[in-house]
2 protein chains.
Amino acid sequence: MGANKIKGAALSLFAERGYDGTSLALIAEQIGIKKQSIYAHFKGKEDLFLSLLTETFTIELKREEQFLEHYYTSSLDAFLKASLASFLSRYNHDSRLKFWLKNTFLPPIHLYDQVNAQLNRYIHDVESLYIKRFETAVSKQEIAMNPQQANLAFSALLDSVAVELIYGDQQRAVTKMEASWNIYWQGLIATNSDFERGR
Amino acid sequence: MGANKIKGAALSLFAERGYDGTSLALIAEQIGIKKQSIYAHFKGKEDLFLSLLTETFTIELKREEQFLEHYYTSSLDAFLKASLASFLSRYNHDSRLKFWLKNTFLPPIHLYDQVNAQLNRYIHDVESLYIKRFETAVSKQEIAMNPQQANLAFSALLDSVAVELIYGDQQRAVTKMEASWNIYWQGLIATNSDFERGR
DNA sequence: GTCTATATTCGGATAGAC
DNA sequence: GTCTATCCGAATATAGAC
């Protein structure tokens, strides 16, 4: 379908250049059509962008669910390390991640509310999934810490990897991620005793 | 001077709406002049934006230097906690932080290289300052960990606070910061023995 | 469903009077 | 140094032929 070719080109252009930096003419040019032809598939630029955003969060949430399922029997640290690695890898091979990261950070102002609403729903849904995983880890006595806090601190790791990746220094992103991970995991383990004592 | 009024309005508008989302007409309107008058003070929009960016990094670097100096005799954890608190507080009372965070994350494409060059220099300079502080902490035996890694992991905390603040949930930013901080600090302490054994 | 042609608006920028 | 007037280009969008 022609709509999918348009979506594909638009996704990577929005990911690289943002909403305002991407013209319909540029999208059309990528796939060898005229900009006016886009209106046969989408009501306009807003419609195209918001379709991509909705679709992206749906896909990303489903991917998270499958990821969790796949690592359900793994140890917590194996799962979390895989989650970080997957984040890093997807950033380079799939523009979906870059697309939503950049465009939720600095959305076109006239779409701010809609973008933010979708983002918050996504964050909430993913958080629920991860907290469940941390609760499981507690019940299996892999860790002995407040699951909400462990989850928040882990999602902070992901945030920071995102920032470094977008800033463009791949090597630094990896180095920083490893340093953060080591301290994070040490911290999780070290907090065990406090939790057990009911703090 | 008129140029400073323009800068003030431009800074907060760029911070809220980004480069493309901010028109010269809008900036002018804020301070009760016409957009053409801006050209008496700046060569154009690019010039105004880049002036602000350069100035911002200069100011922010100097502020970091003074901050470090002010906390020179404090303990490492007091200093780091103050650094996080300052970050949080400035975000709400000064648009400089928001300005560079948002506009380095998704810069106008035609200024990408210039923005990135300035950002990297700033990151490098601040990093040097903080690493020195971590090295001092090691020599004072406050911690016993690789200073580069401790610094990277701490800057990851700052990244994540930035993300949460920009996403707009103040309360979540604070909660997440506290969870991350606790685990981070536990992790730093816990890593002591390894470092002492020369790992 | 893609094209040509065209309408319209907006934003950056220049010229020149005061 | 601010104003009015004006230009130019770019971008979204619509109408209608094929």
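Keep in mind the model is a prediction, meaning the values are calculated, not measured. A note on names: the letters A, B, ... follow the listed sequences, proteins ahead of strands, and every chain is numbered from 1.
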Could you state the atom-to-atom distance from [atom1] of [X] to [atom2] of [N] in whole Å?
| X | N | atom1 | atom2 | value |
| --- | --- | --- | --- | --- |
| B:Leu13 | C:dG11 | CG | P | 13 Å |
| B:Ile27 | C:dG11 | CD1 | C1' | 12 Å |
| A:Asp47 | D:dT14 | CG | P | 12 Å |
| A:Leu48 | D:dT12 | CG | P | 10 Å |
| B:Arg17 | C:dC10 | CZ | P | 13 Å |
| B:Phe42 | D:dG1 | CZ | P | 11 Å |
| B:Glu29 | C:dG11 | CD | P | 11 Å |

Task: Apart from B:Ile59 itself, residues in the same hydrophobic cluster as defined by side-chain heavy atoms under 4.5 Å - done: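 None; B:Ile59 is a cluster of one.
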Task: Inter- and intrachain pairs under salt bridge (Lys or Arg N to Asp or Glu O under 4.0 Å), touching residues 178-190 of chain B, at least two apart - done: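 Listed by first then second residue: nothing to list.
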Can you name the atoms? Protein N/O to nucleotides 2-4 of chain D N/O, anything below 3.5 Å, with the distance.
| from | atom 1 | to | atom 2 | distance (Å) |
| --- | --- | --- | --- | --- |
| D:dT2 | OP2 | B:His41 | NE2 | 2.6 |
| D:dC3 | OP2 | B:Lys34 | N | 2.7 |
| D:dC3 | OP2 | B:Ser37 | OG | 2.7 |

Holding to salt bridge (Lys or Arg N to Asp or Glu O under 4.0 Å), I want the full list of residues that pass it with [X], two or more places apart in sequence or in another chain.
| X | answer |
| --- | --- |
| A:Glu127 | B:Arg172 |
| A:Glu64 | none |
| B:Lys7 | B:Glu55 |

Return all side-chain donor-acceptor pairs below 3.5 angstrom for residues 15-29 of chain B, not counting sequence neighbours, or 'none' if the list is empty.
| from | atom 1 | to | atom 2 | distance (Å) |
| --- | --- | --- | --- | --- |
| B:Glu16 | OE2 | B:Lys98 | NZ | 2.8 |
| B:Arg17 | NE | B:Gly21 | O | 2.9 |
| B:Arg17 | NH2 | B:Gly21 | O | 3.3 |
| B:Thr22 | OG1 | B:Leu13 | O | 3.3 |
| B:Thr22 | OG1 | B:Gly18 | O | 2.7 |
| B:Ser23 | OG | B:Leu26 | N | 3.1 |

Open item on the list: Check A:Lys62 with A:Glu65, please: is the shortest side-chain N to carboxylate O separation under 4.0 Å?
Closed with: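 No.
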- [ ] Locate the shortest heavy-atom distance separating B:Ala190 from A:Ala190; write the atom from each residue and the value.
- [x]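 Taking every non-hydrogen atom into account, CB-CB, 4.0 Å.
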Quick one: side chains of residues 71-82 of chain B, donor-acceptor pairs under 3.5 Å with protein atoms, not counting sequence neighbours, listed by atom name and distance.
| from | atom 1 | to | atom 2 | distance (Å) |
| --- | --- | --- | --- | --- |
| B:Ser75 | OG | B:Asp77 | OD1 | 2.8 |
| B:Ser75 | OG | B:Ala78 | N | 3.3 |

Open item on the list: At a heavy-atom distance below 4.0 Å, what parts of residues 18-25 of chain A sit against DNA chain D?
Closed with: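 Residues of residues 18-25 of chain A under 4.0 Å from DNA chain D: A:Thr22, A:Ser23, A:Leu24.
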List the atom pairs, with distances to 0.1 Å, where a side-chain N or O of residues 155-163 of chain B and a protein N or O form a donor-acceptor pair under 3.5 Å, not counting sequence neighbours.
| from | atom 1 | to | atom 2 | distance (Å) |
| --- | --- | --- | --- | --- |
| B:Ser155 | OG | A:Lys176 | NZ | 2.8 |
| B:Ser155 | OG | B:Leu152 | O | 3.2 |
| B:Asp159 | OD2 | A:Lys176 | NZ | 2.6 |

Open item on the list: For a side-chain contact (heavy atoms from CB on, under 4.5 Å) check, start with the C-alpha distance between A:Met145 and B:Ile183, then their side-chain angles and the critical distance, and finish with the verdict.
Closed with: CA-CA 10 Å; A:Met145 203 210 161; B:Ile183 292 178; 3.5 Å; yes
Task: Centroid-centroid under 6.0 Å between A:Phe99 and A:Phe49 rings - done: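 Centroid separation for A:Phe99 and A:Phe49: below 6.0 Å.
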- [ ] Check each residue of residues 102-114 of chain B for a non-hydrogen atom within less than 4.0 Å of any atom in DNA chain C, then write out the ones that pass by number, or none.
- [x]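 Heavy-atom cutoff 4.0 Å gives no residues at all.
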- [ ] Please give the angle, rounded to 10 degrees, between the axes at the start and the end of the helix from C:dG1-D:dC18 to C:dC18-D:dG1, where five pairs define each axis.
- [x]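 The value is 0°.
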- [ ] Take B:Ser83 and B:Tyr130, measure what side chain to side chain donor-acceptor pair (under 3.5 Å) needs, and give me the verdict at the end.
- [x] CA-CA 11 Å; B:Ser83 179; B:Tyr130 271 69; 2.8 Å; yes
